[in-house]
Amino acid sequence: MLIGGCLAQQKQERHFPSDFIFGAATSAYQVEGGWNADGKGESIWDRLAHTKIQDVLDQSTGDIAADTYNNYKRDVEMMRELGLDAYRFSLAWSRILPDGTINNINEAGVTFYNNLIDEMLKYNIKPLVTLYHWDLPQKLQDLGGFMNPLFPEWYEDYARLAFERFGDRVKLWITFNEPREICYEGYGGYTKAPQVNRTDIGTYHCGKNLILAHAKAYRTYVTHFKPTQNGECGITISVNWFGPLTDSKEDEYAAELRRQAEWGIYAEPIFSEEGGWPKEISEIVAKKSIEQGYKTSRLPEFTNEEKKFVQGTYDFFGVNHYSSYLVSANEHKVDHPVPSILADVDVGVYRPPAWMPSASTWLVMAPNSVYNALTHLMRKYNNPPFYITENGWSEHPEAPLIDNVRIIYYRAALNSALDAIEAGVNLKGYMAWSLLDNYEWTEGYTIRFGLYQVDFESEQRTRTARKSAFIYKQIVKTRVIDPDYEPDNMTMWIDEGH
Ligand SMILES: CCCCCCCCCCCCC/C=C/[C@@H](O)[C@@H](N)CO[C@@H]1O[C@H](CO)[C@H](O)[C@H](O)[C@H]1O
């Protein structure tokens with residue numbers, strides 16, 4: 001089209017599908033507070049925050065956090081303001097089962113989640129419920145937690161109760177949030193509760209028990225609940241992109257090994273046609289284990305029966321994606337504990353300085369990040385239904401409400417998601433992390449991810465919409481990413497019908 005003698009750039013509006021689900025995400029320990037309210041039992045994060053306060057950057061706890069336990073109606077109002085289709089939150093296992101076992105149900109805890117779910121459904125907001133988001137009942141950790149071979153049975157009992165009590169209204173279930181953080185950081189390392197730090201076997205033994213627990217819960221859902229409740233059940237895996245630093249074969253192989261270490265060991269047994277652990281890392285760990293004097297591999301093998309039991313246990317693949325890294329076979333290596341999973345794969349990781357840093361050391365703004373991760377998973381696992389269950393940008397507490405960098409990040413990530421959809425990725429939805437500022441684990445309240453700012457000094461934990469909330473609201477409403485959209489002001493409202 002020619003206007004004034006020049007070719008006018010027509011805005012090529014790309015739309016998200018009309019049935020695409022936009023939402024936001026949180027987790028119980030990070031937002032709820034009420035750490036011991038109404039019969040709730042102690043979790044491993046209560047224990048860490050209360051006994052290892054020196055390991056938390058600002059010596060804070062999640063005892064109150066954003067006080068969602070008392071402010072959930074305000075949180076639902078914020079979901080309405082954003083016009084969300086769905087909201088992802090997690091159940092605190094120890095709020096429902098204080099000692100972790102099915103013998104002692106805390107009805108007050110069940111009531112809290114029923115109230116939250118009912119308030120959301122009043123306004124047609126779909127609950128996307130994570131059964132486990134890192135806050136194991138301490139009483140189960142006292143028995144070994146994820147290292148105990150009985151863990152899959154404990155977890156299946158808990159999941160079954162959740163399906164019984166909430167499954168009439170909850171149609172999207174996530175068994176675990178981020179096996180990597182649960183196992184590698186919590187059992188193979190020290191950076192997450194319960195800080196077991198068994199670098200040699202923690203990641204691997206936790207990983208096997210977690211995967212078996214996931215499969216038990218999934219099969220229980222499909223057999224006993226799905227026929228009447230018609231919901232879907234999946235798992236959320238932390239899938240940041242790890243690509244080769246150069247196009248050399250060594251770096252390509254090194255990148256594949258790092259992907260296997262970061263998320264392949266959890267995805268392959270569930271989503272791959274072969275099942276079981278990824279071949280390359282399995283062979284490496286077996287060889288190194290024998291060289292190191294172990295009688296058997298530090299990565300405990302699945303039996304053929306277990307492999308079959310785990311394979312195909314999904315209705316969708318939940319992807320938590322934030323950033324990318326470049327992997328080298330020989331450069332940028334750092335010392336890792338020996339033995340440990342990162343020493344096993346023995347590769348280097350690099351991020352170009354041009355990739356803008358956030359407030360989180362691990363999170364930088366990388367080009368085509370969502371596209372690279374999702375198209376790789378599509379090709380590797382035959383394009384299962386995907387939900388991006390977390391994606392977001394962090395800033396420091398003093399950053400202004402006019403959070404223009406977060407807006408750049410979200411627009412780039414959502415454009416990359418559209419690129420992935422156009423490439424054929426079966427992407428069904430996107431959950432922004434996070435609805436509101438929350439307790440960022442061992443970084444306490446020093447890191448902020450919220451579309452809504454939380455004043456943690458105020459009694460009522462006042463929530464205030466950041467500019468990014470208005471931008472996200474517009475994308476949710478129009479299903480279009482308009483790079484020029486600017487809100488008229490910073491006063492939030494609820495659109496009719498929400
Ligand atoms: C100069 C050094 C260059 C190399 C950098 C070091 C190598 C890093 C190796 C990659 C590590 C990536 C770990 C990142 C994981 C995150 O994606 C994951 N932890 C996100 O978890 C979710 O994060 C949310 C916001 O932080 C929130 O905490 C939520 O509960 C989590 O599910």
Side-chain angles (χ1 to χ4, degrees), residues 24-32 45 56-57 62 65-66 88-90 92 128 130 132-135 174 176-186 188-189 191-193 203 235-243 245 254-255 257-263 266 318-328 331-336 340-342 345 347-355 357-366 369-370 373 387-396 406 409 413 431-451:
T26 63
S27 84
Y29 186 76
Q30 292 179 277
V31 299
E32 285 181 1
W45 274 95
V56 181
L57 206 52
R88 176 185 175 225
F89 64 97
S90 75
L128 169 51
T130 307
Y132 186 79
H133 199 125
W134 306 359
D135 48 357
I174 294 169
F176 290 97
N177 178 74
E178 298 193 348
R180 173 193 176 279
E181 280 63 19
I182 296 167
C183 294
Y184 167 62
E185 294 197 52
T191 50
K192 295 284 186 304
T203 304
I235 185 171
T236 276
I237 297 175
S238 177
V239 181
N240 288 303
W241 177 241
F242 290 81
L245 180 60
L257 280 186
R258 184 63 186 245
R259 292 192 291 263
Q260 291 185 10
E262 291 286 335
W263 47 263
Y266 311 110
V319 176
N320 282 2
H321 176 84
Y322 287 87
S323 195
S324 294
Y325 301 84
L326 299 176
V327 182
S328 168
E331 296 174 65
H332 307 290
K333 289 189 178 183
V334 296
D335 291 334
H336 296 293
S340 70
I341 186 170
L342 293 188
V345 296
V347 297
V349 177
Y350 173 72
R351 293 171 310 180
W355 293 359
S358 70
S360 307
T361 53
W362 53 271
L363 174 52
V364 296
M365 204 179 300
S369 204
V370 170
Y387 287 92
I388 292 178
T389 42
E390 284 180 32
N391 176 254
W393 183 256
S394 65
E395 294 187 319
H396 290 297
R406 180 175 284 111
Y409 177 90
M431 304 290 135
W433 183 273
S434 179
L435 176 68
L436 71 170
D437 289 344
N438 56 64
Y439 187 75
E440 182 53 22
W441 311 110
T442 55
E443 293 175 296
Y445 302 104
T446 65
I447 301 285
R448 306 297 176 90
F449 274 90
L451 292 167

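When a ligand or atom number is given, it counts from 1 through the structure's own listing order.
Remark: minimum distance from atom 11 (C) of ligand 1 to any protein heavy atom is reached at R180 NH2, 3.7 Å. For atom 10 (C) of ligand 1, the closest non-hydrogen atom on the protein side is Y325 CZ, 3.5 Å. Of the protein's non-hydrogen atoms, the one nearest atom 15 (C) of ligand 1 is E181 OE2, 3.3 Å. Annotation: atom 7 (C) of ligand 1 to nearest protein heavy atom, V349 CG1, 4.0 Å. What sits closest to atom 16 (C) of ligand 1 on the protein, heavy atoms only, is W362 CZ3, 3.6 Å. The nearest protein atom to atom 3 (C) of ligand 1, hydrogens excluded, is given as R351 NE, 3.6 Å; this is a heavy-atom distance. The single protein non-hydrogen atom nearest to atom 24 (C) of ligand 1 is Y322 OH, 3.3 Å, given as residue, atom name and distance. E178 OE2, 3.3 Å is the protein heavy atom nearest to atom 20 (C) of ligand 1.
Taking the six-membered ring for Trp and thresholds of 30 and 60 degrees, Y322 and W362 have ring planes more than 60 degrees apart, a perpendicular arrangement.
Less than 4.0 angstrom separates some heavy atom of N320 from each of these atoms of ligand 1: 32 (O). Interface atoms of ligand 1 facing N240, defined by a heavy-atom separation under 4.0 Å, are 14 (C), 15 (C), 16 (C), 17 (O). Each of the atoms 25 (C), 26 (O), 27 (C), 28 (O) of ligand 1 lies under 4.0 Å from some heavy atom of E440. Of all atoms in ligand 1, numbered sequentially from 1 with element shown, those under 4.0 Å from a heavy atom of Q30 are 27 (C), 28 (O), 29 (C), 30 (O). Counting the atoms of ligand 1 from 1 in the order shown, those under 4.0 Å from a heavy atom of F242 are 10 (C).
Across E390, E185, K192, H321, heavy-atom proximity to atom 29 (C) of ligand 1 is greatest for E390. The residue from W441, W134, F449 that puts a heavy atom closest to atom 28 (O) of ligand 1 is W441.
Residue I447 comes nearest to S394 through the heavy atom pair CG2-CB, 3.5 Å, listed as atom of the first residue, atom of the second, then distance. Shortest non-hydrogen contact noted between R88 and H133 is NH2-ND1, 3.9 Å. Closest approach of T389 to A25, counting heavy atoms only: O-CB, 3.7 Å.
When atom types are taken as modelled, the side chain of W45 and the backbone of W441 share no donor-acceptor pair closer than 3.5 angstrom. Counting only distance, with no hydrogens or angles, the side chain of Y184 and the backbone of G186 share no donor-acceptor pair below 3.5 Å. No donor-acceptor pair closer than 3.5 Å links the side chain of Y409 to the backbone N or O of M365. For H332 (side chain) and V349 (main-chain N/O), no donor-acceptor pair under 3.5 Å exists by modelled atom type. Without hydrogens or angle criteria, T130 side chain to I174 main chain gives no donor-acceptor distance under 3.5 Å. Under a 3.5 Å cut-off, the side chain of R448 and the backbone N or O of D437 do not form any donor-acceptor pair.
No heavy atom of Y350 sits closer than 4.0 Å to any atom of ligand 1. Note on ligand 1: R258 sits in its first shell, one or more heavy atoms being nearer than 4.0 Å. At least one heavy atom of H133 sits less than 4.0 Å from an atom of ligand 1. Not a single heavy atom of S27 sits less than 4.0 Å from an atom of ligand 1. In this structure, H332 falls outside the shell of residues with a heavy atom less than 4.0 angstrom from ligand 1.
The shortest distance between side-chain heavy atoms of E440 and Q30 falls below 4.5 Å. Between N320 and W433 there is no side-chain heavy-atom pair separated by less than 4.5 Å. Considering only heavy atoms from C-beta on, L435 stays 4.5 Å or farther from F89 through its side chain.
Checked against a 6.0 Å centroid threshold, the rings of Y445 and Y439 count as neighbours.
With a 4.0 Å cut-off on non-hydrogen atoms, T361 does not touch ligand 1 at all. At a heavy-atom cutoff of 4.0 Å, ligand 1 is contacted by no atom of Y439, backbone or side chain. Heavy atoms of L363 found under 4.0 angstrom from ligand 1: none, in either backbone or side chain.
The shortest N or O to N or O distance between N177 and ligand 1 is below 3.5 Å.
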